[in-house]
Structure formats: C-alpha cells, structure tokens
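First comes the structure, then the notes that go with it.
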Amino acid sequence: NLVQQLSVMLLFTEFPPALEKLKVVLDGLNLGINVASPECAVGKTSFYAIFLANLVVLGLILLCLTARSFVAVARTRKEKGVRIAVQDEIRSERGSRTFRDAFVVLLLLHPSVSGMAMEFFRCRTIDGVPYLMADYSLTCYEGGWLLMLPIVLLVLVLFSIGTPLV
C-alpha cells in the first residue's frame with residue numbers, strides 16, 4: 001500500500017519550471033545516453049572528446065541555472081560583503097530555487113558523467129598493447145590518456161565523490 005502511494009506521488013510530481021524550460025532548450029542533446037552511434041552524425045568521435053563535451057554541457061547547464069544568483073551576489077557584495085551577500089542569496093526564494101534546480105541536474109547527470117570517468121580506467125591488453133575499452137582506437141597509459149588523467153581524476157574526486165558528500 002505504501003509503495004503504491006509513493007508510486008502515485010512520483011507520477012504526479014512536477015519538475016521545477018527551470019528544468020522544464022531547460023528540457024525544451026536541450027531537447028535532442030545527448031547527455032550520455034547513446035541511442036545511436038555518434039559516428040552516424042559526425043564521423044569518428046573520440047571518447048575523450050565526448051567526455052569533455054559532456055563536462056562542458058554540464059558546466060553550461062549549471063551556469064545557466066545559477067547565473068541570476070551570481071549576478072545578485074555580485075550586485076550586493078560591495079555593501080554587504082561577499083559572505084553575507086551569498087548567505088542572503090541562499091536564504092532567498094530565488095536562491096533556494098536555484099540551489100534545488102542545480103542539485104536536481106547534478107543528481108540526474110551524476111551517473112552518466114561518473115560512469116564515463118570510470119570507463120577511462122577500463123583498459124584491455126591486445127597483443128601487448130593496452131587499449132581503452134570505450135574506444136579501441138585509443139591506447140592507455142601514454143599520450144592522450146596521460147593528458148586526460150588529471151581531468152578525469154578531478155571529475156572523480158570533485159564530482160563523483162564530492163556531490164554525494166555535499
């Protein structure tokens with residue numbers, strides 16, 4: 001009985017208006033859910049490019065959701081001080097909506113971004129050469145893999161572990 005009530009509540013729960021608008025704007029954008037191979041649309045795309053594109057999209061979404069709050073803090077920081085301006089913004093209705101919407105987006109995208117970051121470490125050795133299993137055209141532990149390593153580690157520590165901790 002309790003499960004049925006919860007199911008009904010979830011079915012009729014409304015998404016925040018900002019997310020509804022964002023869905024309309026980003027409709028059709030791939031956020032880690034691959035329906036068709038990316039090669040169909042733009043030719044061969046590297047795993048690294050897709051990973052970085054997902055990070056950029058996540059950053060842009062969060063920037064769009066939080067821009068008004070950042071502007072409000074910037075306007076009042078001189079007279080109140082940064083710390084008090086931030087606290088006032090968080091306590092305001094706009095700030096609480098902004099925080100809620102940004103957190104919902106983080107929770108929605110957390111599994112796909114974290115999963116892609118973890119795929120970076122899945123390598124398979126074929127004929128003595130370690131290949132990235134997400135993209136067999138890339139080799140592990142050298143060149144581009146080493147360049148991407150700090151970015152992936154930052155994503156894993158700050159985003160994949162940091163989001164649940166916050």
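These numbers come from the heavy atoms of this one structure, side chains and all, not from hydrogens, waters or symmetry mates. The residues of the chain are indexed from 1 along the displayed sequence. Worth saying up front: this structure is predicted, and the values here are computed from it rather than measured.
Taking the ring pair (Phe, Tyr, Trp, His ring centres under 6.0 Å) definition, one finds that F159 meets it with H110, sequence neighbours left out. Remark: R122 engages no residue in a side chain to side chain donor-acceptor pair (under 3.5 Å) (not counting sequence neighbours). Judged as a side chain to side chain contact (heavy atoms under 4.5 Å, CB included), and not counting sequence neighbours, the contacts of V129 are Y131, T139.
Atoms OH and SG, on Y136 and C123 in that order, are 9.5 Å from each other to the nearest 0.5 Å. How far CE of M118 is from OG of S114: 5.0 Å, rounded to the nearest 0.5 Å. Atom NZ in K80 sits 15.5 Å away from atom NZ in K78 (nearest 0.5 Å). From L132, atom CG reaches atom CZ of F121 across 10.5 Å, with rounding to the nearest 0.5 Å.
Heavy atoms only, all atoms of each residue included: Y48 and G144 are closest at CE1-C, 3.9 Å. Nearest heavy atoms, M148 versus F120: CB-CE1, 3.6 Å. Of all non-hydrogen atoms in P150 and L146, the two that sit nearest each other are CD-O, 3.3 Å. Residues A72 and E89 share a closest heavy-atom pair of CB-OE1, 3.3 Å. Here the closest non-hydrogen pair linking A117 and V152 is O-CG1, 3.5 Å. The heavy-atom pair separating S160 from P164 by the smallest distance is O-CD, 3.2 Å.
In this structure, M116 is a member of the same hydrophobic cluster as V57, with clusters built from ILVMFWY side-chain heavy atoms closer than 4.5 Å. The same ILVMFWY cluster, assembled from side-chain heavy atoms under 4.5 Å apart, contains both L153 and F51. Residues L52 and L154 are members of separate hydrophobic clusters, defined by side-chain heavy-atom contacts under 4.5 angstrom among Ile, Leu, Val, Met, Phe, Trp and Tyr. Under the 4.5 Å side-chain heavy-atom criterion for ILVMFWY residues, no single connected hydrophobic cluster contains both V71 and L62. Connection of F70 to I84 is not established within any shared hydrophobic cluster, with ILVMFWY side chains joined at heavy-atom distances below 4.5 Å, either directly or through further cluster members.
Taking 4.5 Å as the limit, every side-chain heavy atom of I161 sits out of range of all side-chain heavy atoms of L156. You'll find the side chain of R68 stays beyond 4.5 Å of the side chain of T66, heavy atoms only. Side-chain contact between S46 and L138: present, with at least one pair of heavy atoms (C-beta onward) separated by less than 4.5 Å. Between V155 and L55, some side-chain heavy-atom pair lies under the 4.5 Å cut-off. Side chains of D101 and V105 form no contact here, defined as non-hydrogen atoms less than 4.5 Å apart. Looking at heavy atoms from C-beta onward, T163 lies out of side-chain contact with L158 at the 4.5 angstrom threshold. In this structure, L109 and N54 have side chains that are not in contact, with every pair of non-hydrogen atoms separated by 4.5 Å or more.
Atom CD of E93 sits in a sparse spot, with 12 or fewer heavy atoms from other residues, nucleotides or ligands closer than 6.0 Å.
Between Y141 and W145, the angle of the ring planes goes over 60°, which puts this pair in the perpendicular group of the 30/60° scheme.
For the 3.5 Å distance criterion, the side chains of S69 and T98 qualify, holding a donor opposite an acceptor.
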Between D88 and R91, is a side-chain contact (heavy atoms from CB on, under 4.5 Å) present by the stated rule, with each step listed?
-> CA-CA 5 Å; D88 287 349; R91 289 185 192 125; 3.9 Å; yes
